[in-house]
Amino acid sequence: ITNYGGTITAVRVPDRHKKIEDVALGFDSIEGYTAKSNTGYFGALIGRYANRLANGTFKLDGHEYHVPANEPPNMLHGGNRGFDKRIWQAKDVSKPGSPSLQLHYLSADGEEGFPGTLQATVTYTLNDKNELRIDYSATTDKDTVLNLTNHSYFNLSGPGSGSILDDKIMLAADHYTPVNKTLIPTGEIAPVAGTPFDFRTSMVIGGRIGASNEQLKFANGYDQNFVLNHKPGAMALAAKVEDPKSGRVMEIFTDQPGIQFYTGNFLNGTVHGVGGVYKFRSALALETQHFPDSPNHPNFPSAELKPGEKFHSSTIYRFSTE
Ligand code: GLA
């Protein structure tokens with residue numbers, strides 16, 4: 001982990017033959033992360049608002065706020081300089097048997113157009129069950145909106161080892177939030193049943209990715225938010241990825257209401273990271289989150305945070321083999 005962007009730079013886990021490999025995409029030097037060509041948010045913490053805000057606009061308490069439309073016409077992942085491009089204050093908060101790093105960032109009132117002074121704390125913890133746990137917390141001094149996530153890309157065979165299309169994935173979601181052609185949710189909470197978005201039982205990722213389906217066309221693959229079945233606020237299994245090649249398995253548990261399943265459709269071989277060149281669909285991201293563009297959709301779970309409240313959320317990545 002680096003304090004630049006609170007970024008996870010490597011996740012080293014064994015395969016079925018106990019061979020250790022880094023399964024997270026990233027760079028082996030800080031220059032890789034700060035380079036202009038790095039537009040992929042590799043491993044970074046994302047804020048203040050992860051995913052998209054339509055037209056860089058939202059209303060709160062009757063006031064219209066404008067944030068940078070850094071992916072025209074929308075805001076993506078916090079604007080021009082989101083939490084992924086900030087320096088976090090790091091503190092070792094390890095306990096015996098569980099190494100732990102606490103990161104803190106103070107986001108000034110009005111930063112990237114968002115209201116309120118936001119105190120954000122993110123704690124990464126490892127344990128001897130092969131789990132990486134992320135605890136997010138935040139407070140504000142004015143009403144604001146908040147969506148925090150981590151944008152790690154995984155290839156369970158190791159970065160640069162090929163496509164993720166042969167992996168199997170399970171997503172604990174009966175519904176998803178379809179998007180328009182700029183990847184902004186239409187507001188509909190649509191059933192996955194009978195669509196290529198039905199991963200309620202484990203399915204090969206590439207099985208239906210080429211299907212003639214408007215949603216898959218808009219995103220050039222999977223890049224949608226899935227509505228998790230569990231009661232938001234309660235930790236539950238959200239996703240399970242199995243790599244038949246290495247035998248590695250990754251399970252994700254979260255208390256967040258949604259998870260973005262993204263199949264690396266913007267990777268195009270121009271970024272060179274650890275393991276080689278990052279090609280089209282050579283990694284996947286599973287971003288636990290509030291739904292994209294929630295402030296503009298009253299029917300989505302609220303992403304508001306008020307003074308006096310304490311935001312808290314956790315996500316666990318559990319690694320094993322089969
Ligand atoms: C998220 C988005 C994608 C893409 C990546 C970063 O996963 O949903 O559309 O912007 O971040 O490249």
Side-chain angles (χ1 to χ4, degrees), residues 41 46 49-54 71 74-77 147-154 164-165 167-242 250-266 281 283-303 313 315:
Y41 304 89
I46 309 293
Y49 204 93
N51 214 303
R52 296 176 173 82
L53 288 170
E71 188 192 64
N74 306 316
M75 184 223 67
L76 175 68
H77 293 332
N147 192 14
L148 299 176
T149 195
N150 173 281
H151 205 302
S152 286
Y153 291 74
F154 296 97
I164 43 87
L165 295 182
D167 287 5
K168 281 169 73 181
I169 193 166
M170 184 287 296
L171 293 168
D174 292 342
H175 296 87
Y176 75 114
T177 52
V179 290
N180 67 20
K181 63 177 188 314
T182 73
L183 304 183
I184 292 291
T186 60
E188 195 194 346
I189 310 269
V192 296
T195 77
F197 294 84
D198 191 348
F199 288 104
R200 292 173 294 178
T201 56
S202 210
M203 296 278 215
V204 172
I205 293 174
R208 297 161 297 171
I209 203 167
S212 123
N213 172 286
E214 191 180 55
Q215 287 296 310
L216 291 170
K217 218 166 286 158
F218 285 163
N220 202 18
Y222 293 100
D223 193 357
Q224 278 83 6
N225 170 66
F226 286 72
V227 177
L228 293 169
N229 290 337
H230 71 87
K231 232 177 67 221
M235 279 308 261
L237 180 67
K240 179 177 182 181
V241 184
E242 298 161 275
M250 177 174 75
E251 290 165 294
I252 299 183
F253 299 80
T254 192
D255 55 9
Q256 290 271 29
I259 193 166
Q260 185 85 2
F261 174 41
Y262 170 56
T263 45
N265 314 310
F266 288 112
R281 298 181 182 161
L284 57 86
L286 287 161
E287 303 145 65
T288 58
Q289 61 180 1
H290 266 281
F291 301 177
D293 201 31
S294 292
N296 294 314
H297 298 281
N299 60 323
F300 287 179
S302 168
S313 172
T315 292

Please determine whether side-chain contact (heavy atoms from CB on, under 4.5 Å) holds for the pair V241 and L286, giving the CA-CA distance in whole Å, both sets of side-chain angles, and the decisive distance to 0.1 Å. CA-CA 10 Å; V241 184; L286 287 161; 3.7 Å; yes
Going through the distances and angles, do M170 and R200 end up as a side-chain contact (heavy atoms from CB on, under 4.5 Å)? CA-CA 6 Å; M170 184 287 296; R200 292 173 294 178; over 6 Å; no
Apply side-chain contact (heavy atoms from CB on, under 4.5 Å) to L76 and Y41, showing your working. CA-CA 11 Å; L76 175 68; Y41 304 89; 4.1 Å; yes
Verdict with reasoning, D167 to V204, per side-chain contact (heavy atoms from CB on, under 4.5 Å): CA-CA 6 Å; D167 287 5; V204 172; over 6 Å; no
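Between T315 and Q256, the side chains place no donor N or O within less than 3.5 Å of an acceptor N or O (distance only, hydrogens not considered). At a cut-off of 3.5 Å, with distance as the only test, no side-chain donor of Y176 or T195 sits close to an acceptor on the other residue. E287 and N150 form no side-chain donor-acceptor contact under 3.5 Å, judged by distance and modelled atom types alone.
Taking OG of S313 as the reference point, atom CG of L148 lies at 8.0 Å (rounded to 0.5 Å). Atom-to-atom distance recorded for L237:CG and E251:CD is 5.5 Å, nearest 0.5 angstrom. Rounding to the nearest 0.5 Å places OG1 of T254 at 6.0 Å from CE of M235. The CD1 atom of I164 sits 4.5 Å away from atom CD1 of I205, with the distance rounded to the nearest 0.5 Å. In this structure, CD1 in I209 is found 13.5 Å from CE in M203, a value given to the nearest 0.5 Å. Distance check: T288 OG1 to Q260 CD gives 11.0 Å after rounding to the nearest 0.5 Å.
A heavy-atom distance below 4.5 Å is not found between the side chains of P185 and F291. In this structure the side chain of N51 reaches within 4.5 angstrom of the side chain of Q289, judged on heavy atoms. At a threshold of 4.5 Å between non-hydrogen side-chain atoms, the residues D223 and T263 do not count as touching. Contact check for I189 versus T177: side-chain heavy atoms found under the 4.5 Å cut-off.
Closest of all the heavy-atom pairs between N213 and P196 is ND2-CD, 3.5 Å. Heavy-atom minimum distance, H290 versus A303: CG-CB, 4.0 Å. Closest heavy-atom contact between Y49 and P295: OH-CD, 3.5 Å. The two residues A285 and H151 make their nearest non-hydrogen contact at CB-CE1, 4.0 Å. The two residues F261 and L284 make their nearest non-hydrogen contact at CE1-CB, 4.4 Å. The shortest non-hydrogen separation linking R208 to F199 is NH2-CE2, 3.3 Å.
Side-chain N or O atoms of D293 include none that pairs as donor or acceptor with a backbone N or O of L53 at under 3.5 Å. A donor-acceptor pair under 3.5 Å is absent between the side-chain atoms of Q224 and the main chain of V179, judged by distance alone.
Taking the six-membered ring where tryptophan is involved, the planes of F226 and F197 are tilted, since the angle between them lies from 30° to 60°.
Within the cation-pi definition used here (under 6.0 Å to the ring centroid, within 45° of the axis), R281 does not qualify as a partner of Y222.
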